[in-house]
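Only one structure is covered here, and it is reproduced in the block below.
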There are 2 protein chains.
Amino acid sequence: MASTIEDVAARAGVSTATVSRAMRGLDGVSKRSRDKVLEAARELGYVVSPTAQALATGHTGMIAVIVPTFNEWFSANVLEGAQRRLQSAGRLTAVLSASAVRGRPDYDVDVVSLRRRIDGVVNVSLPLTDEETREVAGLGVPVIAVGNPSPPFASVSLADREAGRIATRHLVNLGHRVIAYISGSRDELEPNTPGGQRLEGWRDVLVEEGLEHGPDLVVNSFFDVRGGHDAVLELLERRPDVTAVFAAADMIATGAMVALSEYGLRVPEDISIIGVDGDDTDPWVQLTTVVQDPAEMGAMAADLLLQIIGGGAVPEMTLVHGRLRPGRTTARPRDPEAADASPRRPPRR
Amino acid sequence: MASTIEDVAARAGVSTATVSRAMRGLDGVSKRSRDKVLEAARELGYVVSPTAQALATGHTGMIAVIVPTFNEWFSANVLEGAQRRLQSAGRLTAVLSASAVRGRPDYDVDVVSLRRRIDGVVNVSLPLTDEETREVAGLGVPVIAVGNPSPPFASVSLADREAGRIATRHLVNLGHRVIAYISGSRDELEPNTPGGQRLEGWRDVLVEEGLEHGPDLVVNSFFDVRGGHDAVLELLERRPDVTAVFAAADMIATGAMVALSEYGLRVPEDISIIGVDGDDTDPWVQLTTVVQDPAEMGAMAADLLLQIIGGGAVPEMTLVHGRLRPGRTTARPRDPEAADASPRRPPRR
DNA sequence: CTGTTAGCGCTTTCAC
DNA sequence: GTGAAAGCGCTAACAG
């Protein structure tokens with residue numbers, strides 16, 4: 001069943017070297033030989049042994065994609081996009097997940113298991129420790145980061161600061177004057193993280209407009225639905241006069257909306273909310289958001305990797321533009337003038 | 001940097017054969033030799049070349065997991081569970097996705113790309129065509145299906161019929177008498193699919209109770225939120241007297257609840273609804289559901305595969321029990337007697 | 001218990 | 001344009 005290169009060579013009446021060249025489409029093979037080889041291979045159902053090929057060349061044809069967890073919109077779609085692109089380039093995708101436990105730093109990125117097995121790595125939004133960075137670099141293969149820039153590796157990510165500007169600009173244009181920003185955990189607001197960059201974008205616009213942008217209006221919590229929920233409650237306590245919220249992600253926005261509803265506030269009548277991502281978590285809500293396309297980013301990462309492997313050079317940082325997608329969760333503020341004057345209903349619970 | 005078995009052998013003052021044995025923990029090696037080898041390997045930072053090992057043994061140490069798409073609760077969690085288990089067994093997980101396009105039959109399962117690369121396959125709920133089944137079987141490695149039983153391969157799946165009984169029994173116990181079943185596409189209701197089995201479970205209980213279980217009470221649509229939405233509208237048109245709905249999946253239940261709310265019906269006051277899965281799509285809803293654990297199923301599939309690879313035998317079909325998780329979406333029917341008499345409010349849109 | 005040696009299936013000089 | 005032959009790094013008899 002499993003025929004070898006020798007079988008093909010014998011059948012085609014040529015040497016194994018010629019079969020090897022012909023099968024890989026190298027030139028320096030006469031059309032006649034090539035045809036004979038291809039014909040013989042077809043008849044025998046011959047497929048090159050990737051294993052033997054790898055041993056001989058040192059290239060495995062395999063790319064590893066590392067994700068924090070598979071069950072998450074961004075990672076899953078980056079993986080999807082990367083895997084498709086890699087597959088059509090004739091490569092297999094191996095996967096590694098770091099931790100199923102959200103928010104816990106005890107990742108278990110088993111980098112060693114990748115040694116000598118792969119030709120490149122795509123790291124999807126997993127913040128690497130210095131130790132891990134060294135380990136990954138020690139694999140001796142090119143690495144591309146997606147989502148989080150993670151030096152010294154090249155990266156593909158959303159133009160986060162710009163996304164923050166787009167979102168905030170949208171709210172300002174609608175007439176909002178007191179605009180809050182809610183985001184993931186405090187740790188995430190370091191300047192080089194997506195959350196931190198989106199914060200910068202928010203600030204950019206508010207500064208430009210001469211609007212308030214103090215720490216009062218920034219709330220950090222966890223990067224999930226529950227986090228958004230809690231963040232917005234904290235926000236309302238601090239600043240009951242807020243009329244619009246920019247959430248660093250759609251999940252956060254979703255949690256925020258739940259909390260607002262519990263609080264007795266309507267969206268967008270009483271308060272506007274905008275997110276980032278465009279995952280269609282709940283298509284019925286029609287959240288206004290800044291859309292990004294992780295599958296496309298995964299495909300781009302794959303391309304970059306293949307390019308490096310092919311000996312090319314690639315930009316250190318590839319930024320992908322987000323796009324405003326207006327939904328039903330943002331509107332003009334109800335009564336800009338009297339906003340502070342009319343007290344809101346107290347929480348129902 | 002990349003030292004070979006010969007380097008280690010030289011350093012340890014033994015032959016490569018001894019190094020090979022020692023590294024793999026085979027017995028027939030003196031403690032003294034073993035220690036010397038391990039020591040030398042450590043000093044050199046030596047890692048066995050999986051490629052060379054594969055070429056020599058015929059085993060690649062790699063398992064492929066095939067999913068319809070990565071961005072879906074069940075698949076993602078099976079993958080997560082399987083990958084973890086495989087990793088701790090020292091194996092790498094390769095992935096293949098079939099189609100990003102839901103509901104389209106033009107899968108592109110590139111089975112050929114797996115030839116000679118893997119030791120086994122886990123197929124996650126991807127219905128295989130006969131052709132594909134032949135191709136996969138032609139890989140010459142063991143296969144385990146998860147989610148959908150898919151002969152002739154062994155499978156791990158939810159005890160779907162039982163899950164249907166659990167859900168329906170719960171509704172009956174609450175006092176419901178007119179209980180509908182809504183599910184995925186018509187194609188899915190063939191007896192051997194999850195949807196079909198859950199239908200059987202529904203019927204089992206209703207027959208047992210002498211309650212109505214005709215085709216009027218069964219609505220098929222698509223296996224997603226939109227599908228649940230549309231299905232429930234169709235149902236209410238056909239049977240305005242229904243007081244409880246068993247949805248074949250939580251996503252379907254979610255869509256159904258949206259439709260009910262649009263229709264002006266409250267859950268669970270006016271109508272009860274129960275699903276299957278226990279994905280926490282929206283933790284705020286607290287959907288009553290029959291929970292399954294796909295990560296655990298993925299781990300089980302991995303174990304079975306490893307067992308077969310190790311020369312063992314495994315059961316043709318492994319059924320995992322679902323567990324009722326009461327939430328806030330089921331309750332006693334409001335007024336069992338007068339249900340038919342009091343007409344409901346018409347749709348608001 | 002340990003070493004020798006012949007592969008595993010392909011690629012790649014180096015000659016012709 | 002083609003072939004012979006030497007690896008790639010490891011495992012698995014087979015001797016000893």
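The model shown is predicted, which means the values in this text are computed figures rather than measured ones. Here is how names work: the chains are called A, B, and so on, in the same order as the sequence lines, proteins then strands, and each is numbered from 1.
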With no hydrogens and no angle check, do the side chains of Ser20(A) and Arg24(A) hold a donor and an acceptor under 3.5 Å apart?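 Distance-only check passes for Ser20(A) and Arg24(A).
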
Report yes or no: do Gln83(A) and Ser97(B) form a side-chain donor-acceptor pair below 3.5 Å?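 Their side chains do contain a donor-acceptor pair, which is all the 3.5 Å distance test asks for.
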
For [X] and [N], what is the distance between atoms [atom1] and [atom2] respectively, to the nearest whole Å?
X	N	atom1	atom2	value
Lys36(A)	dT2(D)	NZ	C1'	11 Å
Ile5(A)	dC10(C)	CD1	P	5 Å
Lys31(A)	dT2(D)	NZ	C1'	18 Å
Leu55(A)	dC10(C)	CG	P	12 Å

Which value, rounded to the nearest 0.5 Å, describes the distance between Ser75(A) atom OG and Ile66(A) atom CD1?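 Answer for the OG-CD1 pair, Ser75(A) versus Ile66(A), is 11.5 Å.
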
Nucleotide nearest Ala56(A) (side chain, heavy atoms from C-beta), chosen from dT2(C), dT11(C), dG3(C): dT11(C)

From the options dG1(D), dG9(D), dT11(C), select the nucleotide whose nearest atom is closest to the side chain of Ala52(B).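 Ranking dG1(D), dG9(D), dT11(C) by closest atom to the Ala52(B) side chain puts dG9(D) first.
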
dC8(C) phosphate, OP1 or OP2, under 4.0 Å from Thr4(A) side-chain N/O: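 For dC8(C), neither OP1 nor OP2 has a side-chain N or O of Thr4(A) closer than 4.0 Å.
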
Answer yes or no: is there an ion pair linking Asp27(B) with Arg21(B), defined by an N-O contact shorter than 4.0 Å?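 Here Asp27(B) does not pair with Arg21(B) in a salt bridge, since their nearest N and O are not under 4.0 Å apart.
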
In residues 15-28 of chain B, which residues come under 4.0 Å of DNA chain D by heavy atom?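 Only Ala17(B), Ser20(B), Arg21(B), Arg24(B) qualify.
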
